[in-house]
Protein chains: 2
Amino acid sequence: MRHEMHLTIETVCFALTEGRLQVLLVKRTGEPFSGAWALPGGQIQLDEPFDAAAQRILSESAGVWGVYLEQLYTFGDPGRDPRGRSVSVTYYALMPAMSVGSGMRTARPGPGWSAAEWHPVDQLPGPLAFDHGRIVSYARWRLSQKISYSPLAFHLLPENFTMSDLRGVYEAIVGEEYDPSNFTRQMLARWDLAPVPGTRDRRSRRPARLYRYIGPREIPGSPDSLDEIEMETEPALDPASSESETRD
Amino acid sequence: MRHEMHLTIETVCFALTEGRLQVLLVKRTGEPFSGAWALPGGQIQLDEPFDAAAQRILSESAGVWGVYLEQLYTFGDPGRDPRGRSVSVTYYALMPAMSVGSGMRTARPGPGWSAAEWHPVDQLPGPLAFDHGRIVSYARWRLSQKISYSPLAFHLLPENFTMSDLRGVYEAIVGEEYDPSNFTRQMLARWDLAPVPGTRDRRSRRPARLYRYIGPREIPGSPDSLDEIEMETEPALDPASSESETRD
DNA sequence: GGTAATAATAGTCATTAGTACCATGTACCG
DNA sequence: CGGTACATGGTACTAATGACTATTATTACC
């Protein structure tokens, strides 16, 4: 079986531009789905952890690196790749808004792809290759769920940000509008936010205060950051008696 | 590379007995970790969906079937198996309390295992094989998180149950005690619960009312139950192409 | 400069949700 | 038959939320 099964990594990379959630896509050059947009993806190397592979693939195929990564789901339905059984461990990635258009993290296609571009997630350029549309849908849904109990939003913002910035992230992801005053109150209550002295001139009217998130960067308990939670185990007594004994 | 990578499925199967959360373990007979307890697991067949594989493996290795399944995480760190690169797509399973000890779903070891038993999750019989201890920890943590926003608890109960039963599930999983009165009020507000006429004689004092959960069995949006969420796409213009072979 | 426009921030208040706790009902057990 | 245990009902207090108004600091424009 293992000879015929392909294992790949695909990453849904998100960033916020102009108040809209964007996803990073690359254009395929080979069959099948030649010419279609797809998620940056590729094969895992033999001695490479998943996260490292995802980072590498993202940088090789789209010129983007240094993102925050979290495993999303593993898709393995027979038939999702017309060539044969294919298993994709998928990740989603978040990167700060400013990094997108500004120089070093501009998307550009790597070898094997003819283009790499950011696209608004609610306005994709046609159906994606394979089941990648479904993967994007699910990533987006997960994002919208998880942002309420995990400090994901701060990975989409630069180190210092205003409450408007933060509100923009929530509004883009959740798709609802929030009252600025109530929103600020809730954020200050929920997260560890430290005020930063200066103000960033957003050429708006009244200058907005700057904040910095100083809490944990991810929710404790995730397997990426699992510190082998304390677990009481009995000393392994009796490795001998090995009969089928049903407990309870 | 694909020749050297193993892909397996492991399942953390939970059930509640005597108010404690139990996990289903099997005892290994082969190296490595011969004689150690491990999660029921095995290889995926070439044309088999993950869920089907998990159900099959659970029934083959531990004699248990018909459980509720949800994908947990995919573990693929190099070094997690001393024999070489191994990737495990893990699931967690939930089954009603009554099924455990009662006949048809008694745990019993399949070929290749010397034992199959339920063990209290906070009192495991020594360190588990491979990184399975870590997997159990994570499954348990996920369960404790997800029970608050997903109707997981009802998969651990028979069709009809009392509020005490339900409260027992929450207390075993979350590890806190709840005020019976407040708990009932919250459950009735959060979930779709229909009262069932009779009462089950739990030989307690005052007979408790029976309820049945009539809402959706899993949270909508999960990829297992994804109905290809609506997504506006522009028509795919420019299907120009070239060569090269990139997989996904 | 004066003033309108705009968005940030502050504050108010009614409603809702959450928590602690007491009261009563209905069994079982001496 | 009274005591105990647990299910259920209810009440009062507190915290969180949401809708709304007010104030403030800046820019744009005249």
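To find a chain, count down the sequence lines: A is the first, B the second, and so on, and within it residues start at 1. Note: hydrogens, waters and symmetry copies are ignored here, and every other heavy atom, side chains too, is used.
Looking at R185(A), its side chain comes within 3.5 Å of the base of dG18(D) through a donor and an acceptor atom. For R205(A) and dT24(D), a side-chain-to-base donor-acceptor distance below 3.5 Å is absent, hydrogens and geometry of angles not being considered. Residue R206(A) places a side-chain atom within donor-acceptor reach of the base of dA8(C), judged by atom type and a 3.5 Å distance cut-off alone.
Of the N and O atoms on the side chains of T17(B) and Q22(B), not one donor lies less than 3.5 Å from an acceptor on the other residue.
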Would you check, one step at a time, whether the test side chain to side chain contact (heavy atoms under 4.5 Å, CB included) holds for K27(A) with E117(A)? CA-CA 9 Å; K27(A) 192 179 260 186; E117(A) 286 177 11; over 6 Å; no

I would like to know whether T74(A) and F50(B) meet side chain to side chain contact (heavy atoms under 4.5 Å, CB included); could you show each step before the answer? CA-CA 9 Å; T74(A) 298; F50(B) 286 163; 3.8 Å; yes

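Put simply, CG on L188(A) is 16 Å from C1' on dT17(D), counting in whole angstrom units. Following rounding to the nearest Å, L210(A) (CG) and dA25(D) (P) show an atom-to-atom distance of 17 Å. The distance between atom CG of L166(A) and atom P of dA8(C), rounded to the nearest whole Å, is 12 Å. Taking atom CG of D179(A) as the reference point, atom P of dA16(D) lies 18 Å away to the nearest angstrom. Put simply, CG on N182(A) is 12 Å from C1' on dC13(C), counting in whole angstrom units. The CZ atom of F183(A) sits 19 Å away from the C1' atom of dC20(D) (whole-angstrom rounding). A straight line from CD of E176(A) to C1' of dT17(D) spans 14 Å, rounded to a whole angstrom. In this structure, M187(A) places its CE atom 13 Å from C1' of dT17(D), rounding to the nearest Å.
Residue contacts shown for R190(B) are absent, as no nucleic acid heavy atom lies under 4.0 Å away. Residue R209(A) is classed as a sugar-phosphate contact, given heavy-atom separations below 4.0 Å to backbone atoms only.
Rounding to the nearest 0.5 Å places OH of Y92(B) at 9.0 Å from OH of Y138(B).
Between Q186(B) and M163(A), it is M163(A) whose nearest contact on DNA chain C lies nearer the 5' terminus. Between S181(B) and R167(B), the residue anchored closer to the 5' end of DNA chain D is R167(B), taking for each the nucleotide with the nearest heavy atom.
Between the side chain of T162(A) and the backbone N or O of L210(A), no donor-acceptor pair lies under 3.5 Å.
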